[in-house]
Amino acid sequence: MSYQPMTMAGLAGHLSRETDEKVRWKYVWEFLEEYRWEPADRQPPLFAGEPALTGEPNWDVLLAAIAEQHDLAPPAWTQTRTLETPWFPSSLRSKRMEALVWAPAAFRKHGVYLSARDLEAA
């Protein structure tokens, strides 16, 4: 069997089975890294199909923000996944301030405040 990059649906599955937040973030960073390394013509299929809900709204919305940020025509399922109360994944005041300034538009739209710098470092 040859290597297959993680899909958004696969990422949702990992997030739904994992309870350790640090491990969840490792899955997110791994997905983003695998996405970056795929040739441009193989990137869109990684977002094909609506991922199952993880059981935690913050993570479900994070998936929608990632999909919207990386797709020129965001999938319809991303439109319904938003938070009423903004989520700042970091508890550090300095990281929260950075996220207010540098969170990508797709993330702000969904209520997730995570710095673009944090996403690039993944």
Side-chain angles (χ1 to χ4, degrees):
M1 178 180 243
S2 65
Y3 167 79
Q4 295 295 316
M6 189 183 319
T7 63
M8 179 66 64
L11 174 57
H14 288 303
L15 295 176
S16 68
R17 291 184 296 274
E18 183 57 59
T19 58
D20 185 314
E21 193 158 311
K22 287 182 181 181
V23 175
R24 284 180 168 174
W25 281 111
K26 288 179 182 183
Y27 283 128
V28 170
W29 303 145
E30 174 142 354
F31 172 81
L32 292 171
E33 188 66 17
E34 289 181 7
Y35 172 85
R36 285 187 196 118
W37 281 96
E38 283 299 300
D41 64 319
R42 295 191 53 187
Q43 290 175 338
L46 300 180
F47 293 102
E50 180 176 358
L53 295 174
T54 65
E56 295 191 34
N58 288 353
W59 293 96
D60 295 330
V61 170
L62 177 66
L63 296 180
I66 291 170
E68 187 165 327
Q69 181 187 24
H70 289 91
D71 197 333
L72 295 176
W77 62 266
T78 65
Q79 302 307 310
T80 60
R81 295 188 187 192
T82 59
L83 296 171
E84 291 182 25
T85 303
W87 177 37
F88 290 83
S90 178
S91 61
L92 296 174
R93 189 177 194 308
S94 61
K95 295 301 275 180
R96 287 176 166 230
M97 296 306 288
E98 184 179 316
L100 281 171
V101 175
W102 296 106
F107 283 68
R108 290 191 313 268
K109 174 183 171 185
H110 291 278
V112 178
Y113 285 83
L114 181 65
S115 170
R117 294 176 184 178
D118 290 334
L119 294 167
E120 291 169 5

With side chain to side chain donor-acceptor pair (under 3.5 Å) as the test, would you mind laying out the steps for Glu33 and Trp29 before giving the verdict? CA-CA 6 Å; Glu33 188 66 17; Trp29 303 145; over 6 Å; no
Verify, without hydrogens or angle tests, whether Glu18 (side chain) and Asp20 (backbone) share a donor-acceptor contact under 3.5 angstrom. yes
Report the C-alpha separation of Leu114 and Trp102 in whole Å, then their side-chain angles, then the decisive distance to 0.1 Å, and conclude whether the side-chain contact (heavy atoms from CB on, under 4.5 Å) test is met. CA-CA 8 Å; Leu114 181 65; Trp102 296 106; over 6 Å; no
Between Arg81 and Leu63, is there a donor-acceptor pair closer than 3.5 Å when you use the side chain of the first and the backbone of the second? no
Which atom names give the shortest non-hydrogen contact between Pro51 and Ala9, and what distance separates them? CB-CA, 4.0 Å
Apply side-chain contact (heavy atoms from CB on, under 4.5 Å) to the pair Trp87 and Trp59, showing each step before the final yes or no. CA-CA 10 Å; Trp87 177 37; Trp59 293 96; 4.2 Å; yes
Is atom CH2 of Trp25 surrounded by more than 12 heavy atoms (other residues, nucleotides or ligands) closer than 6.0 Å? yes
Would you check if the side chain of Arg96 reaches a backbone N or O of Leu92 as a donor-acceptor pair within less than 3.5 Å? no
Any donor-acceptor pair under 3.5 Å linking the side chain of Glu98 with the backbone of Ser115? no
Checking Arg36 against His70 for the side-chain contact (heavy atoms from CB on, under 4.5 Å) test, could you report, in this order, the C-alpha distance in whole Å, the side-chain angles of both residues, the deciding distance, and whether it holds? CA-CA 10 Å; Arg36 285 187 196 118; His70 289 91; over 6 Å; no
Decide yes or no for Glu56 and Arg24: does some side-chain heavy atom of the first lie under 4.5 Å from some side-chain heavy atom of the second? yes
Name the orientation class of the two ring planes belonging to Phe31 and Phe47 (parallel below 30°, tilted from 30 to 60°, perpendicular beyond 60°). perpendicular
Please lay out, stage by stage, how Met8 and Leu46 fare under the test side-chain contact (heavy atoms from CB on, under 4.5 Å). CA-CA 6 Å; Met8 179 66 64; Leu46 300 180; over 6 Å; no
Modelled atom types, side-chain donor and acceptor of His110 and Glu68, under 3.5 Å: yes
Can you tell me if Glu34 uses its side chain to pair, donor with acceptor, with the backbone of Pro5 under 3.5 Å? no
Nearest 0.5 Å, what's the OG1-CG distance between Thr54 and Leu11? 9.5 Å
Quick check against the 3.5 Å criterion: does Asp60 have a side-chain atom that pairs as donor or acceptor with the backbone of Leu53? no
